[in-house]
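A short write-up of the structure that comes next.
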Amino acid sequence: MQVSTRAYYEWLKVPQDSDRNQQVAERARQIFIDNKQCLGSRRLADRLQKQGFTLGRFKTRRIMRELKLKVRYPRRVKVTTDSKHNEAISPNRLDRQFQVAKPNQVWTTDITYVWTLLVPQSERDGSSGRRAGTADTPLASG
């Protein structure tokens, strides 16, 4: 068949390595999914090493790229409302009727969160829509 001895023995090794790589890839995918797709190559490599596979971070990164495993960190939920209380809830007297006939009958306020060094606050008159007063408070003095 005109194949060198060395090439023949190298060919014998390939199926075993590909089987091992297949096992590593399957196990890596399983660990990645079990951990809610939040493991990067370093942590995934650590988990695989603890299970007896000998591979490093860069090989793990290559496997993740081949399997198209992308890390997706869950968004943190910011709780903004405390609705579990027994306090009295104020009635909605305005009921979104912002147009009034005379000044100083209805006052509204708005707090807008802008990530700057100043926090703008203002109140508006319901009839004219004019700004009644402002207060710019610096958060940090420098």
Side-chain angles (χ1 to χ4, degrees), residues 1-100 103-142:
M1 294 184 23
Q2 299 178 354
V3 175
S4 68
T5 307
R6 181 175 179 210
Y8 172 73
Y9 284 110
E10 288 294 322
W11 176 78
L12 284 178
K13 292 180 187 176
V14 171
Q16 296 167 353
D17 287 343
S18 66
D19 289 343
R20 182 182 176 279
N21 288 341
Q22 186 67 26
Q23 288 176 345
V24 170
E26 288 175 11
R27 191 65 193 136
R29 182 188 302 272
Q30 188 63 40
I31 292 171
F32 186 76
I33 291 170
D34 289 346
N35 287 282
K36 301 178 183 177
Q37 301 178 2
C38 291
L39 292 181
S41 61
R42 294 172 198 234
R43 289 173 47 193
L44 185 59
D46 288 341
R47 302 275 166 91
L48 288 169
Q49 287 171 3
K50 287 178 183 175
Q51 294 188 6
F53 295 102
T54 56
L55 71 157
R57 175 170 72 103
F58 295 108
K59 175 129 181 172
T60 305
R61 189 166 65 180
R62 183 178 57 82
I63 290 171
M64 289 178 71
R65 188 172 38 240
E66 289 171 357
L67 296 175
K68 295 183 173 115
L69 302 177
K70 298 205 182 225
V71 180
R72 290 185 169 85
Y73 293 106
R75 289 186 175 207
R76 294 182 181 178
V77 176
K78 184 176 183 180
V79 178
T80 58
T81 305
D82 178 21
S83 58
K84 296 178 183 176
H85 59 78
N86 295 327
E87 308 286 327
I89 299 173
S90 299
N92 184 4
R93 293 189 178 131
L94 190 57
D95 197 28
R96 300 192 64 80
Q97 300 298 320
F98 299 116
Q99 301 298 325
V100 291
N104 293 326
Q105 285 185 332
V106 175
W107 285 89
T108 61
T109 184
D110 180 40
I111 298 174
T112 304
Y113 292 99
V114 179
W115 295 106
T116 62
L117 293 177
L118 300 177
V119 179
Q121 299 173 352
S122 67
E123 291 181 348
R124 294 191 179 271
D125 182 9
S127 66
S128 65
R130 289 190 342 241
R131 290 172 62 166
T134 61
D136 292 334
T137 307
L139 294 178
S141 60

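Sequence positions, counted from 1, serve as the residue numbers for this chain. Note that the structure is predicted; figures quoted are calculated from it, not measured.
Legend: residues meeting side chain to side chain contact (heavy atoms under 4.5 Å, CB included) with Ala88, ordered by chain and number and at least two apart, are absent.
Nearest approach of Pro74 to Cys38, heavy atoms of both residues: CD-SG, 3.4 Å.
Residues Val71 and Met64 meet the side-chain proximity criterion, which asks for heavy atoms closer than 4.5 Å.
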query: Are Ile63 and Arg27 close enough, and set up right, to give a side chain to side chain contact (heavy atoms under 4.5 Å, CB included), and what steps lead you there?
result: CA-CA 11 Å; Ile63 290 171; Arg27 191 65 193 136; over 6 Å; no
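Separating the CG atom in Leu48 from the NZ atom in Lys59 is a distance of 11.0 Å, to the nearest 0.5 Å. Taken from CG in Leu55 to CD in Gln49, the straight-line distance is 6.5 Å, to the nearest 0.5 Å. Residue Phe53 holds its CZ atom at 11.0 Å from OG1 of Thr60, rounded to the nearest 0.5 Å. The CG atom of Leu69 lies 7.5 Å from the CG atom of Leu44; values are rounded to the nearest 0.5 Å.
Legend: side chain to side chain donor-acceptor pair (under 3.5 Å) pairs involving residues 31-46, not counting sequence neighbours, sorted by first then second residue: Gln30-Asp34, Asn35-Arg47.
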